[in-house]
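Every value quoted in this text rests on a predicted model; they were computed, and no experiment measured them. For the numbers below, each heavy atom of this structure counts, side chains included, while hydrogens, waters and symmetry mates do not. Chain naming here is simple, since letters A, B, ... match the order of the sequence lines and numbering starts at 1 in each.
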Protein chains: 2
Amino acid sequence: MRKLAKTFKALSDETRLRILNILLERECCVCELMQVLDLTQSRTSRHLITLCDAGFLKFRRQGLWAMYSIDWESMDKYHIDLAGIVREALKDNQTAILDRQKLATTEKIGLTVCSATGSKNGCRN
Amino acid sequence: MRKLAKTFKALSDETRLRILNILLERECCVCELMQVLDLTQSRTSRHLITLCDAGFLKFRRQGLWAMYSIDWESMDKYHIDLAGIVREALKDNQTAILDRQKLATTEKIGLTVCSATGSKNGCRN
DNA sequence: TGATTGTATTCGTTTATCCGCATGCAGTAA
DNA sequence: TTACTGCATGCGGATAAACGAATACAATCA
């Protein structure tokens, strides 16, 4: 019961839903999520850890980057159902659409630019 | 997006999940839920209102009693899916099973007994 | 080795949630 | 009307969540 409540709690924050929305598109590192969602680094990292602890995400290190993605293999049935509900519910949501669009453009910009430009949103200025 | 987060937040509390578990069995008044789940009156009432605001429950007055039940008619698709997930997830949960069993016996006891016995859990002693 | 970069974590503050207690309100009945 | 009963709500305290800023840590590279 406590675990179920915790699972729902992980989904009860708008920022975490926005993160899930992005990760439902593709695997991302913390830095990319910061850029796309315009969040600070600690905030992004913490929400990702929350989603990990709740069993939605998995983590792998690739060099300097911590890559997060939906943990489809290890999720049990109701986690998968919940991820499906989130995807469905955010399909036509304006914020979610904009985030996904920004993700698409950010793909082309890449990470090095982010740290080189000294953007106030990303990767330490 | 905010609405979706609010929906999940309503499900992110163990007490509210226990309440939903009971209401998935049948319509109840506040007093019955207090007895079955061993909760104070204000606590029960507030959680019910939270679930109402989130769109899961409906309310009707029947004399002195406020009857709460799952609002199947007005719920949208993902509310219904979520209610299904909760039911499924709590099917084999020990606490949930015990609560449902207690509901079955409480049915036979009724309300008047509750207020007459001056039980410390229910209906003003 | 030391510098750099991406990420996690600690700290302190602000805000939200949960709860019991007491009170107020609505419906019923005498 | 008054009394009673079921329920909602205001209040204050305790606990937890969310956050930015700063710092610590880890992997890479010069």
Side-chain angles (χ1 to χ4, degrees), chain A residues 2 5-6 8-19 27-54 57 59-68 110-125, chain B residues 2 5-6 8-19 27-54 57 59-68 110-125:
Chain A
R2 183 161 306 176
K6 182 179 175 180
F8 284 124
K9 184 159 302 195
L11 301 176
S12 72
D13 179 278
E14 226 174 325
T15 304
R16 285 195 288 272
L17 289 176
R18 292 178 70 203
I19 289 176
E27 185 184 52
C28 285
C29 68
V30 180
C31 200
E32 287 176 296
L33 290 164
M34 291 169 60
Q35 289 182 82
V36 173
L37 302 179
D38 199 5
L39 304 172
T40 64
Q41 188 266 319
S42 65
R43 188 176 172 189
T44 311
S45 179
R46 261 188 298 241
H47 282 305
L48 283 167
I49 290 168
T50 301
L51 286 169
C52 256
D53 288 346
L57 304 185
F59 163 93
R60 72 180 175 92
R61 270 216 166 261
Q62 188 179 35
L64 278 176
W65 294 277
M67 307 297 293
Y68 286 91
L111 291 174
T112 48
V113 177
C114 158
S115 52
T117 54
S119 150
K120 75 164 195 287
N121 303 325
C123 299
R124 183 176 303 174
N125 42 5
Chain B
R2 184 163 306 178
K6 182 178 176 180
F8 284 123
K9 185 159 302 196
L11 302 177
S12 71
D13 180 277
E14 228 174 324
T15 304
R16 284 194 290 272
L17 289 176
R18 291 179 70 202
I19 290 176
E27 184 184 54
C28 286
C29 68
V30 180
C31 200
E32 287 176 295
L33 290 165
M34 290 169 58
Q35 291 181 82
V36 174
L37 302 180
D38 198 7
L39 303 173
T40 64
Q41 188 267 318
S42 64
R43 189 176 172 186
T44 311
S45 177
R46 262 190 288 247
H47 281 305
L48 283 166
I49 290 168
T50 301
L51 286 169
C52 254
D53 288 346
L57 304 184
F59 163 93
R60 73 183 174 89
R61 271 218 166 258
Q62 187 179 36
L64 278 177
W65 295 277
M67 306 298 292
Y68 285 92
L111 291 174
T112 48
V113 178
C114 159
S115 52
T117 53
S119 150
K120 74 165 194 285
N121 305 324
C123 302
R124 182 174 306 172
N125 42 4

Check nucleotides 1-4 of chain D against the protein and report each pair of N or O atoms closer than 3.5 Å, with its distance, or say if there are none.
none

Expressed as a whole number of angstroms, how long is the span from [X]:[atom1] to [N]:[atom2]?
X     : N      : atom1 : atom2 : answer
B:Q62 : D:dC7  : CD    : P     : 11 Å
B:Q41 : C:dC21 : CD    : P     : 12 Å
A:M34 : C:dT5  : CE    : C1'   : 12 Å
A:F59 : C:dT9  : CZ    : C1'   : 14 Å
B:L48 : D:dT9  : CG    : C1'   : 14 Å
A:W65 : D:dT28 : CH2   : C1'   : 9 Å
A:L33 : C:dA8  : CG    : P     : 11 Å
A:D53 : C:dA8  : CG    : P     : 12 Å

Q: Determine yes or no for a side-chain-to-main-chain donor-acceptor pair under 3.5 angstrom, with B:R43 supplying the side chain and B:R46 the backbone.
A: no
Q. Around B:R2, counting heavy atoms of other residues, nucleotides and ligands shown, do more than 12 lie under 6.0 Å from its CZ?
A. no
**Q.** Contact summary for B:T40 and B:T44, nearest pair of heavy atoms
**A.** O-OG1, 2.6 Å
Contact between [X] and [Y] at the side-chain level, heavy atoms closer than 4.5 Å - yes or no?
X     : Y     : value
B:L39 : B:L33 : no
B:S45 : B:I49 : yes
A:L37 : A:T15 : no

Q: With rounding to the nearest 0.5 Å, note down the distance linking NZ in B:K9 to OG1 in B:T50.
A: 11.0 Å
Q. Can you tell me how far CG of A:L57 sits from CE of A:M67, rounded to the nearest 0.5 angstrom?
A. 12.5 Å
Q) Any side-chain N or O of B:Y68 less than 4.0 Å from the OP1 or OP2 oxygen of D:dA8? A) yes
Q) Going 5' to 3' along nucleotides 14-19 of chain D, which nucleotides have protein heavy atoms under 4.0 Å from the base (write B), which only from the sugar-phosphate (write S), and which from neither (write -)? A) ---SSB
Q: Could I get the full list of ring-ring contact (aromatic ring centres under 6.0 Å, His included) partners for B:Y68, not counting sequence neighbours?
A: B:F59
